[in-house]
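Below, each value reflects all heavy atoms present in this structure, side chains not excepted, and no hydrogens, waters or symmetry copies. Here is the naming used below: chain letters follow the sequence lines, and residue numbers restart at 1 for every chain.
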Amino acid sequence: MSASVERDAQGRRRARWTPWLLLAPGFLWLFWFFYLPLSALLRMSLSTKPSRFAVPEFSWAWSNYEQAFSDYGSQFTRSFTYALAATSIALLIAYPVAYVIAFRGGRYRNVLLGLVVVPFFTNFLIRTLAWKTILGDQGAVVSLLRTVGLLDANEALLRTPIAVIGGLTYNFLPFMVLPIYVSLEKIDPKLLDAARDLYSNTWRGFRKVVLPLSLPGVFAGSLLVFIPAAGDFVNAYYLGNAKTTMIGNVVQDQFLVQNNYPVAAALSFVFIAIVMVIVAVYSRLLGTEDLT
Amino acid sequence: MTGAMSTRSRRRDRSRDGTVMSPGGRAGRRVVNLAAAAGLLYLFLPIFVIVAFSFNAPVGRFNAVWNRFTFDNWLNPFADEALVDALLLSLRVAAISTIVATVLGTFLAIALVRYRFRGGEGINFLLVLPLTAPEIVLGASLLTLFLSPTLWLFNISFALGFTTIVIAHIMFLVSYVALTVRARLRGFDWTLEDAAMDLGATPTRTFWKVTLPLITPGIIAAALLSFALSIDDFIITYFVSGPSTTTFPVRIFGQSRTATPPQINVLSTMILIVSVAILAVGTLAGERRRRRTGL
């Protein structure tokens, strides 16, 4: 009897510490390699580095931020415009795909869902290079568009915003399909029957029942496309030209080529700040604040 | 019991593909189906190109314009030694980071689902934040940390290379694993643990004999996702890899300016085939388990 009481007490003591012991290793890693680096980046964004090989010195150098805004305003605007376009197009393409898989997939639902993911087992860079081939000046798409007169003989698709936005849309499309599918799949079929009985018009039933219930998926999917698309530099690098550079290209160039760490760090922080504001406004608009 | 269950699920399935409303009636239904088919085709278009060009005999150094069909590339898939080395390095990085991230992430998930404690919301936020940060920022901030050893706790410094790549990969994988495993754990029946302990099992034994086997499918799913994400990662890796350590994506990026050997396409197609096989086996195993357990 007393032994079991003792064991209970011991067990309770252990139970109190267990969650923290389970959390510790993962969070130590995140603190050391995510939160600490972010603070290092913040510090760097306020440092000065007079020459390429100088060691950066912390000096409350707000001028880095001024430079980030004044020199790279157009790249910021472009990044968010392209990302917005890619997100909208991805939504238009992904919604019917997710809808058909969720409601008409039947027993093939898992197979169809697999088909959405399979293309992304090839590397991101190789897929983008494949688009470069598809949209290339000697490719089928360009010659088709030239034949039907949508493109002049001296016009191309590569090195245009269309190609960059197309690449961004493609590369992040599954991140739109999967969350929408998940939210559609959760809808109770009985609800759909009820809607069919109550609304004579099927379009109205869709608008009043299915669409509102799928909004959490649309919300999650839009963020999962928008954020990586706005920060990407690979699509603009392969499919665009000097007039389509995005903020990712600038950060990459400043950091890894020019070694101008302070300005690159300031650019990164301005970028995160804008992304956070957009996410906050967007979640307020859609009325969903649950990110997970 | 099983009979009742299967009729119910069959009825549910029928109501799903039969009576579901379709915007705009029959014609609208056809339009939506067509749009979905077009969407899937769009997803596969570059894949067709990648596979087709693995059979191309390129003119010059770039495998970008179709010339003529050949089996040569498939007969010498490992001809580009640097590319093969890069792929092997990617596999090694993915293996190590997946193991570490899966252990750390699973611990986090168990703690978050199993226990209620103060600050749970805040902890959740700290866990999700790394997933919402753009990759370029993750890469830039990690590189900043690696470049300034004085900021390191304990003043350890690593040269850019294998170690820093693995550190970075574990960092971005931990949150993915934690959230994936947590989603699977939500439906877990924790009273099974109580039952085992009531029958006299120690907490340790309960974990190994009851909890772990039941949550294993979720952990395997998370590990496979991690492995795929690690192998595919370019942007973060590009920042922290340094000049002499080259993973598969970094090699392709560096090479794409000077040459794109068709072996890139051959190796990608191989990776694709292996991944599809793993996915198929996993789906089949999942279906069989579902049928057996009647869930």
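- Both the backbone and the side chain of B:Tyr42 come within contact range of chain A, judged by heavy atoms closer than 4.5 Å.
- Note on B:Asp232, B:Val49, B:Ile47, B:Val65: by heavy-atom pairs under 4.5 Å with chain A, the leading option is B:Asp232.
- With a threshold of 4.5 angstrom between heavy atoms, B:Ile170 approaches chain A through its backbone and through its side chain.
- Residue contact with chain B, scored on non-hydrogen atoms closer than 4.5 Å, involves the side chain of A:Val100 exclusively.
- Among the candidates A:Trp29, A:Phe121, A:Phe233, the residue making the largest number of heavy-atom pairs closer than 4.5 Å to chain B is A:Trp29.
- Residue A:Tyr95 does not touch chain B at all, counting heavy-atom pairs closer than 4.5 Å.
- Comparing B:Ala35, B:Pro130, B:Ala64, B:Gly39 by heavy-atom pairs within less than 4.5 Å of chain A, the highest count is held by B:Pro130.
- The candidate with the highest count of non-hydrogen atom pairs below 4.5 Å against chain A, out of B:Thr283, B:Ile231, B:Ile235, B:Val174, is B:Ile235.
- Counting heavy-atom pairs closer than 4.5 Å to chain B, the top residue among A:Val118, A:Asn110, A:Leu256 is A:Leu256.
- Side-chain atoms of A:Thr122 do not come within 3.5 Å of backbone N or O of A:Arg127 as any donor-acceptor pair.
- Proximity to chain A (any heavy atom under 4.5 Å) is restricted, for B:Ser175, to the side chain, taken from C-beta onward.
- For B:Ser275, the parts lying under 4.5 angstrom from a heavy atom of chain A are both the backbone and the side chain.
- Both the backbone and the side chain of A:Pro25 have a heavy atom closer than 4.5 Å to some heavy atom of chain B.
- Within 6.0 Å of OH on A:Tyr237 lie more than 12 heavy atoms contributed by other residues, nucleotides or ligands.
- For the set B:Phe253, B:Phe53, B:Phe125, B:Phe248, the count of heavy-atom pairs under 4.5 angstrom toward chain A peaks at B:Phe253.
- At a 4.5 Å heavy-atom cutoff, B:Phe48 makes no contact with chain A through either its backbone or its side chain.
- Residue B:Leu131: no heavy atom, backbone or side chain, is found under 4.5 Å from chain A.
- Heavy atoms closer than 4.5 Å to chain A are found in the side chain of B:Leu138, but not in its backbone.
- The contact between B:Leu279 and chain A is made entirely by side chain atoms (from C-beta outward), counting heavy-atom distances below 4.5 Å.
- B:Asp233 places a side-chain N or O within 3.5 Å of a backbone atom of B:Thr237 that can act as its donor or acceptor partner.
- For a residue to count as touching a neighbouring chain, one of its non-hydrogen atoms must lie under 4.5 Å from one of that chain's; by this rule B:Leu126 touches chain A with backbone and side chain alike.
- Interface residue A:Leu129: only side-chain heavy atoms are found under 4.5 Å from chain B.
- Within the 4.5 angstrom heavy-atom criterion, no atom of A:Ser47 approaches chain B.
- Heavy atoms of A:Ile272 lying under 4.5 Å from chain B belong exclusively to its side chain.
- Proximity to chain B involves both the backbone and the side chain of A:Leu115, based on heavy atoms less than 4.5 angstrom apart.
- Looking at A:Phe255, only its side chain comes within 4.5 Å of chain B, counting heavy atoms on both sides.
- Within the 4.5 angstrom heavy-atom criterion, only side-chain atoms of A:Tyr261, from C-beta onward, approach chain B.
- In this structure, chain B has heavy atoms under 4.5 Å from both the backbone and the side chain of A:Ile126.
- Looking at B:Phe234, only its side chain comes within 4.5 Å of chain A, counting heavy atoms on both sides.
- For the residue pair A:Asn171/A:Thr128, the side-chain donor-acceptor check at 3.5 Å is satisfied.
- Residue A:Phe269 does not touch chain B at all, counting heavy-atom pairs closer than 4.5 Å.
- Your options are B:Ile271, B:Val31, B:Ile252, and the one with the most heavy-atom pairs under 4.5 Å with chain A is B:Ile252.
- Comparing B:Phe44, B:Phe172, B:Phe62, B:Trp66 by heavy-atom pairs within less than 4.5 Å of chain A, the highest count is held by B:Phe44.
- Looking only at distances, a side-chain donor or acceptor of A:Ser283 sits under 3.5 Å from a matching main-chain atom of A:Val279.
- Aromatic ring centres of A:Phe27 and A:Phe34 lie farther apart than the 6.0 Å criterion allows.
- Most heavy-atom pairs under 4.5 Å with chain B, from the set A:Asp232, A:Leu173, A:Val234, A:Leu224: that is A:Leu173.
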